[in-house]
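Worksheet for the structure shown next.
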Amino acid sequence: MPEGHTVHRLARTLDQLFAGRRLAVSSPQGRFAAGADVLDGATLVGAEAWGKQLFCRFDVPGPDAGAYERWLRVHLGLYGAWTFAGDGSADVAHAIGAPRRRVGERETTLSSEPSDQAAGGRDPRPAGPGEWTAPEPRGAVRVRLLAPHAVADLTGPTACEVLTPDEKAAVEDRLGPDPIRPDGGHDSLEAARAAFVARVRRSRVTVGQQLIDQAVVAGVGNIYRAEALFRAGLDPLRPGRDVAAAVLEQIWDDLVALLRDGAASGRIVTTRPEHRDDGGAAHGGGATGDEQARAGAVVTAAGRRRTRQNTDDDPDAVPAHEAFYVYHREGLPCRVCGTPVLIEELAGRNLFWCGVCQT
DNA sequence: TTTGTATGTGAAG
DNA sequence: TTCACCTACAAAG
């Protein structure tokens, strides 16, 4: 599910796996053969994300002793995904043993599973420590990044190209502030918020359309759009210039919390415990970390407080069907007022909202 | 085996 | 506003 939070997680994983390492770069599928040729044998200096864009810096050995800087730019689009495998030596705890496969970061397991090996037609098990071998690429692998201890395969990206530093800067120039970056990609998070508010208010384009415009705010997709607007009680069809600055500031702050939670957990959970189907009795996770901290304890269905359990902070404890207020809930009763959730196609994308709670 | 679906983007009309 | 495109997987026939 590649909205901005996913891409930031991927950047972190690639960083942890490969930063500072010389990599064998190839394109098993062939469609990135020329780019792989440029990067093969180069050192991956680090990976970073800006919104949904993933940038990996490589130092490519030059003709003399020096090296020149190149950036691998990847945009996952709707179907793109990275697959990781390795000998388990790297410390990427958040990616190990992920309970489910997700678009955007599927099979995040870093110890090669026997089934993977079998599927690749390899020996069922590596010979021993230090003799790990990467599984055969599965599917249409555009790019393979290979180190002695780990491999990362990319399939189905919308964009995958090698850029010069200037070209990378040109891409970033077209992007709005990113709520996940510590400074929002601006001089400060406050400056980023001000830029977001001013940008939305200078246009009469609906706030719903503007929220998924990457030039307005980078990293927000269809889910965060729908959920942030619901949490703000704001009608998606309202023209941007008619939205009070204070409301937009609140939306920005909420996006910062929601996206950062998503990047930390790998899941999008926007519902507050009291708005889940069971009233939050089973688990208190989700909403934002701030909200959890303020809550301090869990209120049961019977209205009693109980001690927070470990699973309360685990967003995986919130079932998928309770994670959202309106996204993909068309026709179902609004979690707050009970009115059926609306759906409408706006600019080619499905828009979900509550006609009563959002005005 | 075919069809449908998906959290996205950008070019063409 | 419509279309093409990148791919995997589940459901339908």
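Just so it is clear: chains get the letters A, B, ... in the order the sequence lines come, proteins before strands, and each one is counted from 1. Worth knowing before you read on, the calculation uses all heavy atoms, side chains too, and leaves out hydrogens, waters and symmetry mates.
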In a check of salt bridge (charged side-chain N to carboxylate O under 4.0 Å, His left out) between Asp153(A) and each of Arg142(A), Arg144(A), Arg138(A), which one passes?
->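 By the salt bridge (charged side-chain N to carboxylate O under 4.0 Å, His left out) criterion, Asp153(A) pairs with just one of Arg142(A), Arg144(A), Arg138(A): Arg144(A).
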Determine the interatomic distance between [atom1] on [N] and the same-named atom on [M]; round to the nearest Å.
| N | M | atom1 | result |
| --- | --- | --- | --- |
| dG10(B) | dA8(C) | C1' | 23 Å |
| dC6(C) | dA12(B) | P | 15 Å |
| dC3(C) | dG4(B) | P | 16 Å |
| dC9(C) | dT9(B) | C1' | 22 Å |

Give one of base, sugar-phosphate or nothing for Gly139(A), where a contact means two heavy atoms less than 4.0 Å apart.
->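 Sugar-phosphate only.
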Looking at the side chain of [X], which of [options] is the nearest nucleotide?
| X | options | value |
| --- | --- | --- |
| Ile268(A) | dT9(B), dA8(C), dT7(B) | dT7(B) |
| His75(A) | dG10(B), dT9(B), dA6(B) | dT9(B) |
| Ala140(A) | dA8(C), dT9(B), dA6(B) | dA8(C) |

State the SG-CD distance between Cys56(A) and Glu48(A), to the nearest 0.5 angstrom.
->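 Nearest 0.5 Å value for the SG-CD distance: 9.0 Å.
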Using a cutoff of under 3.5 Å, can you pull out all pairs of nitrogen or oxygen atoms linking the protein to nucleotides 4-6 of chain C, with atom names and distances?
{"unit_1": "dC6(C)", "atom_1": "OP1", "unit_2": "Arg31(A)", "atom_2": "NH1", "d": "3.1"}
{"unit_1": "dC6(C)", "atom_1": "OP1", "unit_2": "Arg31(A)", "atom_2": "NH2", "d": "3.3"}
{"unit_1": "dC6(C)", "atom_1": "O5'", "unit_2": "Arg31(A)", "atom_2": "NH1", "d": "3.2"}
{"unit_1": "dC6(C)", "atom_1": "O3'", "unit_2": "Arg142(A)", "atom_2": "NH2", "d": "3.0"}
{"unit_1": "dC6(C)", "atom_1": "O2", "unit_2": "Thr158(A)", "atom_2": "OG1", "d": "3.3"}
{"unit_1": "dC6(C)", "atom_1": "N4", "unit_2": "Tyr79(A)", "atom_2": "OH", "d": "2.3"}

Using a cut-off of strictly less than 4.0 Å, decide whether Tyr224(A) has a side-chain nitrogen or oxygen near OP1 or OP2 of dT7(B).
->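 Answer is no, no contact under 4.0 Å.
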Between [X] ([atom1]) and [N] ([atom2]), how many Å, whole number?
| X | N | atom1 | atom2 | answer |
| --- | --- | --- | --- | --- |
| Leu351(A) | dT7(B) | CG | P | 12 Å |
| Leu259(A) | dT7(B) | CG | C1' | 12 Å |
| Trp82(A) | dT7(C) | CH2 | C1' | 15 Å |
| Arg267(A) | dT7(B) | CZ | P | 17 Å |
| His8(A) | dT7(B) | NE2 | C1' | 15 Å |

Nearest heavy atoms of Glu3(A) and Ile223(A), plus distance in Å |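 Nearest pair, atom of Glu3(A) first, then Ile223(A): OE2-N, 2.8 Å.
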Can you name the closest pair of heavy atoms from Ala228(A) and Leu255(A) and give their distance?
->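 Shortest heavy-atom contact: CB-CD2, 3.7 Å.
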Applying the side chain to side chain donor-acceptor pair (under 3.5 Å) test to Tyr325(A), which of Arg335(A), Glu227(A), His275(A) qualifies?
->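 When Arg335(A), Glu227(A), His275(A) are each tested with Tyr325(A), the side chain to side chain donor-acceptor pair (under 3.5 Å) holds only for His275(A).
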Extract all donor-acceptor atom pairs below 3.5 Å that involve side chains of residues 351-359 of chain A and protein atoms in other chains or at least two apart in sequence.
{"unit_1": "Gln358(A)", "atom_1": "OE1", "unit_2": "Cys354(A)", "atom_2": "N", "d": "2.9"}
{"unit_1": "Gln358(A)", "atom_1": "NE2", "unit_2": "Leu229(A)", "atom_2": "O", "d": "3.3"}
{"unit_1": "Gln358(A)", "atom_1": "NE2", "unit_2": "Leu234(A)", "atom_2": "O", "d": "2.8"}

When the ring planes of Phe324(A) and Tyr327(A) are compared, do they come out parallel, tilted or perpendicular, using 30° and 60° as the limits?
->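 Taking Tyr327(A) first and then Phe324(A), their aromatic rings stand perpendicular (interplane angle over 60°).
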